[in-house]
Amino acid sequence: MPELPEVETTVRALREPLIGRRITAVSNDWPRQIASHEDVAAFDWQIRGQQIDAINRRAKYLVFSLSGDDTLIIHLKMSGHLAVEDAAAPRHKHVHTVFSLDNGRELRFRDMRKFGRVYLVQEPETVLGGLGPEPLDEAFSPDVLRERLNGRSRAMKPLLLDQSFIAGVGNIYADEALFYSSIHPRRTADSLTQNEIVALYAAIQKVLTMGIEREGASIDLYTKPDGTRGDMQNAVAVFRRTGMPCYQCQTPINRIVMNSRSTHFCPQCQPYPVKSESQ
DNA sequence: ACCGGAGCCTGTTAGC
DNA sequence: TGCTAACAGGCTCCGG
């Protein structure tokens, strides 16, 4: 479920209740969720007593810097959700890992589909090492994007979803960015013009920034840590708008499947270059 | 390098 | 109403 804006929103909401808190214990009823350790006891033993010094985001990962020089890393995958709640408050049925805190509250990791993962590592790069550039970092520029596209024959939609190409973009924001840059999702990387590359860069910035400002897209399961919904679902141009009129030209939005992911675009605003008679 | 398919999970929805 | 299949915002592995 969550992409860069949803994870960023979660990080921002968790800082106030968590920074400066000490983790006193961990419990878990789905051991596979803890990816870095064979058994929960070892994980609990290692994290116990460490204070949360900082919370940041890298791609779609939440990164907690701990006082013992360990790093706690969490990926929400499709259905993960983090919340800080009173230990006495009822637990949602899909909570599988609970971090007890020194103030009577708990950080609870709930995940209906059980794809989400927790890592406790000394070297964050062991988990985060393969990721591409952060799209909202100052270091990311149209020139960087052009260099990374150079010489690649891959279609743009799967390329934007590739976390080693660019970090944090998922299915919603990939479709939205291609719409705002008027690029058909099947266009190949090496077919983009200079103007299109600049437009794509601007569109990526635009949709991710909008997503953060609107605190994420609550289309299916995603909510903020406090359970309230984001607002980005009300501002999508193409994602899951199949058959509905394009806001720019009224043409019905198309849905196709690429690499097993649904892909939405406006066939009028994002034309595919005609090679022969077929398209 | 790139694509497609299977797999990991549970729940909701569309279609018969 | 009830069953079944398709689908879901992520990502990895494997074979071709």
Side-chain angles (χ1 to χ4, degrees), chain A residues 1-10 28-36 57-62 73-82 92-97 109-119 126-132 148-179 185-191 204 207-208 210-212 214-224 229-243 255-264:
Chain A
M1 115 175 99
E3 308 180 30
L4 187 155
E6 289 73 29
V7 177
E8 180 65 28
T9 301
T10 300
N28 167 283
D29 70 356
W30 181 259
R32 296 182 64 178
Q33 194 166 58
I34 296 181
S36 59
R57 180 193 56 73
R58 172 77 171 107
K60 300 172 195 170
Y61 293 87
L62 295 101
I73 301 176
I74 298 178
H75 198 304
L76 303 174
K77 291 288 178 86
M78 294 288 267
S79 58
H81 182 269
L82 290 165
H92 191 284
K93 67 186 271 201
H94 295 303
V95 169
H96 295 301
T97 302
F109 185 18
R110 142 184 138 204
D111 187 6
M112 182 187 83
R113 290 179 70 180
K114 297 179 175 173
F115 290 167
R117 292 294 181 261
V118 176
Y119 309 82
T126 59
V127 178
L128 309 175
L131 294 167
R148 298 183 74 77
L149 290 166
N150 186 37
R152 304 200 60 166
S153 61
R154 214 169 166 190
M156 285 309 301
K157 174 64 188 284
L159 196 54
L160 290 176
L161 295 181
D162 183 341
Q163 299 300 294
S164 68
F165 177 77
I166 184 170
V169 176
N171 216 24
I172 296 178
Y173 297 93
D175 282 0
E176 295 295 307
L178 289 172
F179 172 78
R186 288 202 200 280
R187 291 279 302 284
T188 57
D190 54 15
S191 78
I204 292 169
V207 298
L208 294 178
M210 198 189 316
I212 292 171
R214 290 175 176 263
E215 299 182 295
S218 291
I219 289 177
D220 280 338
L221 294 168
Y222 166 79
T223 62
K224 292 181 267 176
R229 291 159 59 80
D231 188 42
M232 183 63 188
Q233 67 278 10
N234 299 316
V236 292
V238 290
F239 187 78
R240 294 223 205 152
R241 292 197 64 247
T242 312
R255 175 184 182 273
I256 59 176
V257 176
M258 295 186 68
N259 289 31
S260 315
R261 310 301 305 278
S262 51
T263 298
H264 313 78

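Just so we're on the same page: letters track the sequence lines, and every chain starts at 1.
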Measure [atom1]/[X] against [atom2]/[N] and give the value in whole Å, please.
X      : N      : atom1 : atom2 : answer
A:R117 : B:dG7  : CZ    : P     : 17 Å
A:L149 : B:dA1  : CG    : P     : 14 Å
A:M112 : C:dA8  : CE    : P     : 14 Å
A:K157 : B:dC2  : NZ    : C1'   : 17 Å
A:N150 : B:dA1  : CG    : P     : 13 Å
A:D190 : B:dA1  : CG    : C1'   : 12 Å
A:E6   : C:dA8  : CD    : C1'   : 14 Å
A:M78  : B:dT10 : CE    : C1'   : 11 Å

Check this one for me: any side-chain N or O of [X] less than 4.0 Å away from OP1 or OP2 of [N]?
X      : N      : result
A:K93  : B:dG11 : yes
A:R152 : B:dC2  : yes
A:K77  : C:dC11 : no
A:H94  : B:dG11 : yes
A:S79  : B:dT10 : no

Over all strands shown, is [X] touching base, sugar-phosphate only, or nothing at heavy-atom distances under 4.0 angstrom?
X      : answer
A:R255 : sugar-phosphate
A:S153 : sugar-phosphate
A:R240 : base
A:A217 : base
A:L76  : nothing

Next item on the list: Would you check, one step at a time, whether the test side-chain contact (heavy atoms from CB on, under 4.5 Å) holds for A:E176 with A:V236?
Entry: CA-CA 7 Å; A:E176 295 295 307; A:V236 292; 3.6 Å; yes
Notebook entry, point to check: Can A:F115 be called stacked on B:dC8 when the rule is centres closer than 5.5 Å and an angle between planes below 30°?
Noted result: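 A stacking contact exists, since A:F115 sits close and nearly parallel to the base ring of B:dC8.
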Nucleotide nearest [X] (side chain, heavy atoms from C-beta), chosen from [options]:
X      : options               : value
A:N259 : B:dG4, B:dC9, C:dC7   : B:dG4
A:S260 : B:dG5, C:dA8, B:dC9   : B:dG5
A:R154 : B:dT10, B:dG5, B:dC3  : B:dC3
A:R32  : C:dC11, B:dT10, B:dC9 : B:dC9

Notebook entry, point to check: Taking all non-hydrogen atoms of both residues, which atom of A:L161 and which atom of A:A174 are closest, and how far apart?
Noted result: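 Heavy atoms of A:L161 and A:A174 come nearest at CD2-CB, 3.9 Å.
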Note to self: Show the nearest heavy-atom pair for residues A:A155 and A:M258, with the distance to one decimal.
What the structure shows: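 Closest approach of A:A155 to A:M258, heavy atoms only: CB-CE, 3.7 Å.
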Just how far is it from atom [atom1] of [X] to atom [atom2] of [Y], taken to the nearest 0.5 Å?
X      : Y      : atom1 : atom2 : value
A:I212 : A:R57  : CD1   : CZ    : 6.0 Å
A:L208 : A:Y173 : CG    : OH    : 7.5 Å
A:M112 : A:H81  : CE    : NE2   : 13.0 Å

Next item on the list: With a 4.0 Å heavy-atom cut-off, tell me which residues in residues 158-178 of chain A come close to DNA chain C, sorted by residue number.
Entry: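 By residue number: A:Q163, A:G170, A:N171, A:I172.
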Check: For B:dC9, which nucleotide in any strand shown is its Watson-Crick or wobble partner with both distances under 3.5 Å?
Finding: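 Here B:dC9 is not engaged in any pair, so there is no nucleotide opposite it.
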Next item on the list: Take the angle between the ring planes of A:W30 and A:H96 and call it parallel below 30°, perpendicular above 60°, tilted in between.
Entry: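 Rings of A:W30 and A:H96: tilted, as their planes differ by 30° to 60°.
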Notebook entry, point to check: Expressed in whole Å, how much space separates the C1' atoms belonging to C:dT1 and B:dT10?
Noted result: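 The same atom, C1', in both gives a distance of 23 Å.
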Margin query: Taking B:dC9 as the reference, what is the distance to C:dC3 when you measure between their P atoms (whole Å, please)?
Written below: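 Approximately 26 Å lies between the P atom of C:dC3 and that of B:dC9.
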Notebook entry, point to check: Should A:D162 and A:R154 count as an ion pair when the cut-off is N to O under 4.0 Å?
Noted result: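 Salt bridge between A:D162 and A:R154, a charged N being under 4.0 Å from a carboxylate O: yes.
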Check: For A:N171, which of A:K157, A:R240, A:E3 qualifies under side chain to side chain donor-acceptor pair (under 3.5 Å)?
Finding: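 Checked A:K157, A:R240, A:E3 against A:N171; only one passes side chain to side chain donor-acceptor pair (under 3.5 Å): A:K157.
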